[in-house]
Amino acid sequence: MADLQLFNTLSRKKEVFEPLQAKKVGMYVCGVTVYDQCHVGHARVMIVFDTIFRWLQTSGYDVSYVRNFTDVDDKIIQRAKLAGIAIDELTQSMIDAFHQDMDALGCLRPTLEPRATTHMPEMIEMIQALIEKGFAYVCDSGDVLYAVRAFKDYGQLSGKNIDDLESGSRVDVDHHKRDPLDFVLWKQAKADEPSWDSPWGKGRPGWHIECSAMSCKHLGTTFDIHGGGMDLKFPHHENEIAQARAANDGGFAKYWLHNGFVNINAEKMSKSLGNFFTIKEVLERYDPEVLRMFILSTHYRSPLDYSDAALDEAKKGLDRLYETKRKLGEVEAGLLPQRFVDAMNDDFNTAEGMAILFEKCRSLNKSEDKKAAGEFYAMLNFFALLKHDADDWFQGDSEDGSNIDVLVQARDDAKKSRDYAQADAIRDQLLAQGIVLEDTPEGTRWKKA
RNA sequence: GGCAGGGUGGCUCAGUGGUACGGCGGGGGAUUGCAAAUCCCUUAUUCGCGAGUUCGAUUCUCGCCCCUGCCUCCA
């Protein structure tokens, strides 16, 4: 069996995965800031890393998968104020909404979902260590800042160097900063904002320190995998590295994985551009499996263009697979085919895996084979697809089919008496209602168009 | 401007130093009363452009063109 290889952003190469401890993997993925509903871009990270999580488990690793919630932040404070509700109320309702979405999309719960607000001591401790070691300073305004130039490897992950960053910088120069790139670790409290006691007075943490503190607490100062969206590479992940390595003299994450964006009309889907669809909006029109299928059809590092046409295609692909499921019936899952294992071991190539799945589908449509059927279901289980009953998929589980059944029976009677004009008229009538008929050796059945 | 990642058939999406995977769509056929579903055949002399290395490159190297992202919050 080939080794698992993964593309490490740190080296910009595929590397053989070598866990720090045999059989164990620690993986940290940046979660969401809970101030609003999640969109399709969030769905992609979650499904991508869910699949990576599943693959590591399938490969026999005991995986600690940690994904945080950022539950203190400017946007949260603003949003709560605007809505006239307490911050806790907002964040809790968004966390609940997030879980709803993830469950619907078939994402397993991570091992741990730490919240920033319950990790103040760890953050404060890390900031203190940074100050002691000369990587951070308290500026005139009272904020604690990270001194970027003190960390010599700054820019390693994103391939940037400090001088380039400064010359191209669009950041307004803050005169409290020693260097324009220095970023905040601890902010002084403003009136009527949530705050926590600290050696530097009441305040709250900066965004980057949260993830460094929570990942190190739950996975150790050196762990295997850190993931997130491409857009977090800089500055978020770069800053996480600077903080954690400087504070702990540790190696921090060994492998950095970044997924590509979801685009709309070749443009990144994002809150700021306003061109996003929330997961809930999509799920009003499509089954969650369609969204999952859509996302897994492309390699995780490639851009993915969102459109109704693309979702319709994913739906058609699922229809094809469900046809085969309907034909096979429930069969116990067997082993994954070696080619599939190889594809997943090659930097989690789900697109190739899909190709193998569809090849299996075609061969099963030709001739049933118990081993092949077992492999088919093993792949589907791994992807967490085709969980519905096939008839429910095609007919809808809440649909009242009695009226349809009556018409189907009438058409069958017409057919038997060779009154094809009448039979076709009934079929057209059903088609107008969005019902397609199929005559099979076992009788006529229907499905939604 | 700096950095990163891309440009593969009508669309979408993999992949490889030696005649290009899968899905959707199109054409033909089998099946069907006709359809639907399914199966078979077919649909890129060619993988942005130019040059180089090579017996041979879509795959490696260099240059160019174009696209996207990051450099401010962002999954």
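Residue numbers start from 1 in every chain, and the chains themselves are labelled A, B, ... in the order their sequence lines are given, proteins ahead of strands.
Base pairing annotation: B:U72 forms no Watson-Crick or G-U wobble pair, as no partner gives both donor-acceptor distances under 3.5 Å. Across the strands present, B:C34 finds no partner; the criterion is a Watson-Crick or G-U wobble pair with both atom distances under 3.5 angstrom. Across all strands shown, B:C67 is found opposite B:G5 as a Watson-Crick or G-U wobble partner, with both distances under 3.5 Å.
Using a 30° and 60° split on the angle between ring planes, A:Tyr322 and A:His388 fall in the tilted class, from 30° to 60°.
Contact annotation: A:Ser297 side-chain N/O to B:U12 OP1/OP2 distance is not under 4.0 Å. The side chain of A:Lys268 contributes an N or O atom lying less than 4.0 Å from OP1 or OP2 of B:C70.
Inspection of the A:Tyr65 and A:Asp50 side chains reveals no N or O donor paired with an N or O acceptor under 3.5 Å. Side-chain atoms of A:Arg245 and A:Gln156 include a donor-acceptor pair closer than 3.5 Å. For the 3.5 Å distance criterion, the side chains of A:His258 and A:His226 fail to qualify, holding no donor opposite an acceptor.
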Self-check item: Contact pattern, 5' to 3', of nucleotides 34-40 of chain B - B, S or - by protein heavy atom under 4.0 Å
Solution: BBBSSSS
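Rounded to whole Å, the C1' atom of B:A4 lies 29 Å from the corresponding atom of B:U46. Rounded to whole Å, the separation between the C1' atoms of B:U31 and B:A36 comes to 12 Å.
Seen from the ring of A:Phe234, A:Lys160 counts as a face-on cation partner, given the 6.0 Å and 45° thresholds.
For the pair A:Arg418 and A:Ile356, nearest-nucleotide mapping onto RNA chain B gives the more 5' position to A:Ile356.
Stacking between A:Tyr420 and B:G33 is shown: the ring centroid lies under 5.5 Å from the centre of the six-membered base ring, and the planes differ by under 30°.
With hydrogens and angles ignored, no donor-acceptor pair closer than 3.5 Å exists between the side chain of A:Glu352 and the base of B:G15.
Comparing B:G23, B:G5, B:C70 by their closest approach to the side chain of A:Arg12 singles out B:G5.
Annotation: A:Arg418, atom CZ; neighbour count of heavy atoms from other residues, nucleotides and ligands within 6.0 Å does not exceed 12.
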